[in-house]
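Model, not experiment: these values are computed from the prediction. Starting from 1, each residue takes its place in the sequence as its number.
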Amino acid sequence: MQSTRPLLRLGCPVRFRDRWQGRLAAFEIDEDWLVLNVVVSRGLFRPVEVRLPFAIAAAWDDGALSMDCTSDQAFGRELPPVAAPAMPVSARTPVSAAEVRLAGALVERESRRVSRLLLTAGLLGRRTRAVDVRDVTLERGAVQLAAQLDALPVYRPDLELLQAVRDALAAHPYLTADDRRAVSVDVADGVAHLSGNVRTPQAEASV
């Protein structure tokens with residue numbers, strides 16, 4: 001089952017038709033949270049940045065951003081970005097909560113609009129929270145949160161949730177091996193979907 005709002009993660013590697021090159025440094029949104037352009041950076045000591053239209057993004061998820069062009073086309077600036085008023089969003093974008101930074105966004109696959117921003121806190125960024133863009137305002141290049149960070153839901157990737165559900169089924173004391181084999185699990189957009197047939201109402205209740 002495919003996610004309808006995959007994660008566009010800041011800092012993720014970028015894959016072009018011919019090679020992997022650079023990382024996602026920022027993305028640019030309009031006032032309706034539509035992603036117009038992405039900023040790809042390559043190099044460590046003298047980094048080079050290029051703005052590319054998000055319309056040529058073939059796919060994106062937690063692991064990578066795939067662009068439907070070659071790296072030579074991209075860094076040769078053969079693909080002009082969308083020329084429209086936009087706000088850049090990066091890990092350096094100020095957030096109203098102290099010691100909080102942006103980690104990325106969940107972007108609707110069809111509309112290419114941001115639905116949620118992901119926020120991390122702490123030195124290692126272990127606490128990742130998701131905030132609906134309806135609860136966020138953009139003021140002078142900064143993200144203003146309407147709620148405290150601890151009040152926001154914890155974000156967990158679909159693969160992590162899938163493993164958690166599988167572990168819970170495997171550890172359940174009232175499910176037999178046959179019951180576990182009869183249940184299929186899939187996770188998309190943070191929702192677990194279970195299917196299959198178990199033999200007894202008790203097993204169904206346990207699942």
Is atom CD of Glu139 surrounded by more than 12 heavy atoms (other residues, nucleotides or ligands) closer than 6.0 Å? yes
Heavy-atom closest pair (Ala121 atom, Leu149 atom, distance to 0.1 Å) is CB-CD2, 3.5 Å
Closest non-hydrogen atoms of Thr93 and Gly141, given as atom of the first, atom of the second and distance, are CG2-O, 3.6 Å
Are Thr128 and Leu119 close enough, and set up right, to give a side chain to side chain contact (heavy atoms under 4.5 Å, CB included), and what steps lead you there? CA-CA 5 Å; Thr128 302; Leu119 309 169; over 6 Å; no
If hydrophobic clusters are built from ILVMFWY residues whose side chains come within less than 4.5 Å, do Val48 and Leu24 share one? yes
Check step by step if side chain to side chain contact (heavy atoms under 4.5 Å, CB included) holds for Phe75 and Gln21. CA-CA 10 Å; Phe75 287 94; Gln21 193 166 70; 3.6 Å; yes
Would Val136 and Gln144 count as a side chain to side chain contact (heavy atoms under 4.5 Å, CB included) here? Give the steps. CA-CA 6 Å; Val136 169; Gln144 302 290 332; over 6 Å; no
Close side-chain approach of Arg112 and Leu34, heavy atoms under 4.5 Å: yes
Nearest heavy-atom pair of Pro53 and Val82: which atoms, and what distance? CB-CG2, 4.3 Å
Verify the neighbour count for atom CZ of Arg17: are there more than 12 heavy atoms of other residues, nucleotides or ligands below 6.0 Å? yes
Hey, what do you get for CG (Asn197) to CG (Asp178), rounding to the nearest 0.5 Å? 13.0 Å
Are Arg101 and Val95 close enough, and set up right, to give a side chain to side chain contact (heavy atoms under 4.5 Å, CB included), and what steps lead you there? CA-CA 6 Å; Arg101 64 183 185 277; Val95 181; 5.6 Å; no
Tell me whether the count of non-hydrogen atoms from other residues, nucleotides or ligands lying under 6.0 Å of CD in Glu78 goes above 12. yes
Kindly work out whether a path of hydrophobic side-chain contacts (I/L/V/M/F/W/Y, heavy atoms less than 4.5 Å apart) joins Trp20 to Met67. no
What residues, two or more places apart in sequence or in another chain, satisfy side chain to side chain donor-acceptor pair (under 3.5 Å) together with Asp61? none
If we ignore hydrogens and angles and just use 3.5 Å, is the side chain of Ser96 paired with the main-chain N or O of Leu145 as donor and acceptor? yes
Taking the side chain as every heavy atom from C-beta outward, state whether Val39 and Val50 have any atom pair closer than 4.5 Å. no
Do Met87 and Leu36 land in one hydrophobic cluster if side-chain heavy atoms of ILVMFWY residues count as linked below 4.5 Å? no
State, yes or no, whether a side-chain contact exists between Val207 and Asp179 at a heavy-atom distance under 4.5 Å. no
Where is the tightest heavy-atom contact between Leu7 and Ala105, given as atom of each residue plus distance? CD1-O, 3.4 Å
Is it the case that more than 12 heavy atoms not belonging to Arg92 sit under 6.0 Å from its CZ atom? no
Paired with Trp33, the side chain to side chain contact (heavy atoms under 4.5 Å, CB included) test is passed by just one of Val89, Val107, Leu138, namely Leu138
Heavy-atom side-chain contact between Ser3 and Asp158 under 4.5 Å: yes
Here the gap from Ile29 atom CD1 to Asn37 atom CG, rounded to the nearest 0.5 Å, amounts to 12.0 Å
Value rounded to 0.5 Å, distance of CG in Leu194 from OG in Ser184: 8.5 Å
Verify the neighbour count for atom CG of Asp167: are there more than 12 heavy atoms of other residues, nucleotides or ligands below 6.0 Å? yes
Using a 3.5 Å distance criterion without hydrogens, assess whether the side chain of Ser115 forms a donor-acceptor pair with backbone atoms of Leu106. yes
In the structure I gave you, are the side-chain heavy atoms of Asp72 and Phe16 within less than 4.5 Å of one another anywhere? no
When rounded to the nearest 0.5 angstrom, what distance separates CD in Glu204 from CG in Leu175? 11.5 Å
If you compare all heavy atoms of Ala130 against all heavy atoms of Leu152, which two are closest, and at what distance to 0.1 Å? O-CB, 3.8 Å
If the condition is side chain to side chain donor-acceptor pair (under 3.5 Å), which residues does Asp32 pass it with, not counting sequence neighbours? none
Side-chain touch Glu110/Thr4, heavy atoms, less than 4.5 angstrom: no
Cluster question for you: counting only ILVMFWY and a side-chain heavy-atom cut-off of under 4.5 Å, with indirect links fine, are Val191 and Leu118 together? no
Would you name the heavy atoms of Arg19 and Ser71 that are closest together and state the gap between them? NE-OG, 3.4 Å
Would you mind reporting whether Thr120 and Val100 have side-chain heavy atoms less than 4.5 Å apart? no
Common cluster, Leu162/Leu169, ILVMFWY with side-chain heavy-atom separation under 4.5 Å: yes
Can you confirm whether the side chains of Thr70 and Asp18 place a donor and an acceptor under 3.5 Å from each other? no
Hey, what's the ring geometry for Trp60 with Phe54, parallel, tilted or perpendicular (30° and 60° as the breaks)? tilted
Rounded at 0.5 Å granularity, tell me how far CG in Leu65 sits from CZ in Arg23. 12.0 Å
Is there side-chain contact between Arg116 and Val133, with heavy atoms separated by less than 4.5 Å? no
